[in-house]
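Here the structure is laid out as structure tokens; the discussion comes afterwards.
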There are 2 protein chains.
Amino acid sequence: MLLDDSIGFLISRTGRRVTQLLALHLASTGITTEQWSVLARLCEEDALSQKELASRVSKDQTNVTRILDQLERKGLIVRVVNPEDRRSHLPSVTAEGRAAYGEIAPLEENVISLVTEGLTPAQLSTLKELLNRIADAAGRHLNDNKPE
Amino acid sequence: MLLDDSIGFLISRTGRRVTQLLALHLASTGITTEQWSVLARLCEEDALSQKELASRVSKDQTNVTRILDQLERKGLIVRVVNPEDRRSHLPSVTAEGRAAYGEIAPLEENVISLVTEGLTPAQLSTLKELLNRIADAAGRHLNDNKPE
DNA sequence: TAAAATTAATTGCTATGACAACTACTTTGG
DNA sequence: CCAAAGTAGTTGTCATAGCAATTAATTTTA
């Protein structure tokens, strides 16, 4: 099978381009695309531990630690120690973080509309479902090799 | 729009998982997924300059330089100076590189079949087309901001 | 209850992505 | 023909992905 026909390659390539375009539109905010995904998730769903947060954004916990470092350095979140379990931290979005979220959300929506401009809502919905199925299958096979 | 509905997020997440699964299956070969994509492209299409190669794998030329460094260190490719233009190098796959390609290709095909196990050929083909449309749209908008 | 096993978070390390700056070579234009 | 502009590749830097190992705290177990 040629590279251009490999679904893995196509997903990666498309992801890189979309990310790059989003990065271009977010450049003025000083926030990276990955920082955005973490901030957005925290704004949508509060009181998550870092471990839970990592799972919710499908990132390695290690990477979440470092992305939170960046967001904390920028004053957009703070780490609060969980009183129930002092090992865990509950990242909390600051007022500045919420303001940034409000500013960035429409920028992201705009990029989404740019890259999906030729697609009907039905096609978009099909695409999302197919991607989710592949992500689920990959996740299952990843777990097959991990837990023991 | 919530993060889970953002097509950008879904593509990135799916890509990360597929890449991770592929990495797991390639671990024994000592080749990373990105090194694989470059090696595969070179095996499919020879006599490319690094710049052309970068374009063919949709990677930054900088990253291709470093991936070629790795492949060269492993003895899978060599850089040959282009006699027509001494600025450019023509990476060339060695016998070891071709052997690695032959070994890895079936591993990759297997991973692809694992992650697409629930999809019909028609669905897979739809998915590829939709991804290509998004990649094209993103590419167009990226170029809008570059050439001036 | 004290030691052992687990767990949450962090740090160290390597590879990659992306951008800026630099070097070496080529092409252009006067 | 030569200086200026352009081009291919490389290197430097920062952010991120992922793995291994470490630390601090909690739970389990003997």
Side-chain angles (χ1 to χ4, degrees), chain A residues 12-27 30-38 48-55 57-74 79-91 138 142 145-148, chain B residues 12-27 30-39 48-55 57-74 79-91 138 142 145-147:
Chain A
S12 296
R13 173 170 76 184
T14 308
R16 272 200 306 273
R17 291 216 189 139
V18 172
T19 297
Q20 206 177 343
L21 186 64
L22 181 58
L24 191 63
H25 285 252
L26 297 195
I31 301 271
T32 67
T33 59
E34 304 309 327
Q35 288 163 24
W36 160 247
S37 70
V38 170
L48 292 171
S49 71
Q50 294 186 196
K51 179 191 168 81
E52 289 163 337
L53 174 59
S55 155
V57 291
S58 297
K59 284 183 187 303
D60 189 288
Q61 205 175 319
T62 298
N63 301 325
V64 168
T65 290
R66 279 158 182 147
I67 293 173
L68 288 175
D69 288 346
Q70 304 285 341
L71 292 175
E72 195 163 35
R73 195 171 305 155
K74 290 169 184 170
R79 280 170 163 106
V80 179
V81 172
N82 183 347
E84 321 255 297
D85 182 343
R86 301 187 39 221
R87 285 172 306 184
S88 87
H89 295 170
L90 305 177
L142 278 168
N145 302 56
K146 291 261 172 116
E148 79 290 336
Chain B
S12 296
R13 173 170 75 182
T14 307
R16 272 200 306 274
R17 290 212 190 144
V18 172
T19 298
Q20 206 177 343
L21 185 63
L22 181 59
L24 191 62
H25 285 251
L26 297 195
I31 302 272
T32 68
T33 60
E34 304 309 327
Q35 289 163 25
W36 160 248
S37 70
V38 169
L39 178 63
L48 293 171
S49 72
Q50 297 187 195
K51 179 190 168 84
E52 289 163 336
L53 174 59
S55 157
V57 291
S58 296
K59 287 184 186 301
D60 190 287
Q61 204 175 323
T62 298
N63 301 325
V64 168
T65 290
R66 280 159 181 147
I67 292 172
L68 289 175
D69 288 345
Q70 303 286 339
L71 292 175
E72 194 162 36
R73 195 169 307 156
K74 291 170 183 169
R79 282 170 163 105
V80 180
V81 172
N82 184 345
E84 320 257 296
D85 182 343
R86 301 189 39 224
R87 286 171 304 182
S88 88
H89 296 169
L90 306 177
L142 277 168
N145 302 56
K146 292 257 170 120

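Chain naming here is simple, since letters A, B, ... match the order of the sequence lines and numbering starts at 1 in each.
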How many Å lie between [atom1] on [X] and [atom2] on [N], as a whole number?
{"X": "B:His89", "N": "D:dT7", "atom1": "NE2", "atom2": "C1'", "answer": "13 Å"}
{"X": "A:Asp85", "N": "D:dT28", "atom1": "CG", "atom2": "C1'", "answer": "15 Å"}
{"X": "A:Glu34", "N": "C:dT16", "atom1": "CD", "atom2": "P", "answer": "18 Å"}
{"X": "A:Lys59", "N": "D:dA15", "atom1": "NZ", "atom2": "C1'", "answer": "11 Å"}
{"X": "B:Leu26", "N": "D:dA17", "atom1": "CG", "atom2": "C1'", "answer": "16 Å"}
{"X": "A:Glu52", "N": "C:dT7", "atom1": "CD", "atom2": "P", "answer": "14 Å"}
{"X": "A:Arg16", "N": "C:dA15", "atom1": "CZ", "atom2": "C1'", "answer": "14 Å"}
{"X": "B:Glu84", "N": "D:dA8", "atom1": "CD", "atom2": "P", "answer": "14 Å"}

Taking any heavy-atom pair under 4.0 Å as a contact, classify [X]: base, sugar-phosphate, or nothing.
{"X": "A:Gln61", "result": "base"}
{"X": "B:Ser49", "result": "sugar-phosphate"}
{"X": "B:Asn82", "result": "nothing"}

Measuring from A:Ile31:CD1 to A:Ile67:CD1, what's the distance to the nearest 0.5 Å?
11.5 Å
dist B:Glu52:CD -> B:Gln61:CD (nearest 0.5 Å) comes out at 10.5 Å
Determine whether a donor-acceptor pair (one donor, one acceptor, N or O, separation below 3.5 Å) exists between the side chain of B:Ser88 and the base of C:dC25.
no
Using the salt bridge (Lys or Arg N to Asp or Glu O under 4.0 Å) criterion, which residues pair with A:Asp60? Sequence neighbours excluded.
none
Interface residues of residues 63-72 of chain A with DNA chain D (non-hydrogen, below 4.0 angstrom)
A:Asn63, A:Arg66, A:Ile67, A:Gln70
Protein and nucleotides 3-6 of chain D: nitrogen or oxygen contacts under 3.5 angstrom:
from: D:dG6; atom 1: N2; to: B:Arg87; atom 2: NH1; distance (Å): 2.8

Yes or no on side chain to side chain contact (heavy atoms under 4.5 Å, CB included) for B:Gln70 and B:Glu34, after CA distance, side-chain angles and deciding distance?
CA-CA 11 Å; B:Gln70 303 286 339; B:Glu34 304 309 327; over 6 Å; no
Under 4.0 Å from OP1 or OP2 of [N]: is there any side-chain N or O of [X] that close?
{"X": "B:Gln20", "N": "D:dA17", "answer": "no"}
{"X": "B:Gln50", "N": "D:dA8", "answer": "no"}
{"X": "B:Arg79", "N": "D:dT10", "answer": "yes"}
{"X": "B:Lys51", "N": "D:dG9", "answer": "no"}

Please confirm whether the backbone N or O of B:Gly30 pairs with a side-chain atom of B:Lys74, one donor and one acceptor, at under 3.5 Å?
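Present.
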List the residues meeting side-chain contact (heavy atoms from CB on, under 4.5 Å) with [X], not counting sequence neighbours, and say none if there are none.
{"X": "B:Gln50", "answer": "B:Thr65, B:Leu68, B:Arg79, B:His89, B:Pro91"}
{"X": "A:Arg66", "answer": "A:Thr62, A:Asp69"}
{"X": "A:Ala23", "answer": "A:Thr33"}

Here the pair of heavy atoms bringing B:Ser58 nearest to A:Arg16 is O-NH2, 3.0 Å
Could you check B:Pro91 against A:Pro83 and say which one's nearest nucleotide on DNA chain D is further toward the 5' end?
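The 5'-side residue here is B:Pro91.
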When you match A:Ala23 and B:Thr32 each to their closest nucleotide on DNA chain C, which lands nearer the 5' end?
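Whichever sits nearer the 5' end wins; that is B:Thr32.
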Evaluation steps, side chain to side chain contact (heavy atoms under 4.5 Å, CB included), between B:Leu24 and B:Gln20:
CA-CA 6 Å; B:Leu24 191 62; B:Gln20 206 177 343; over 6 Å; no
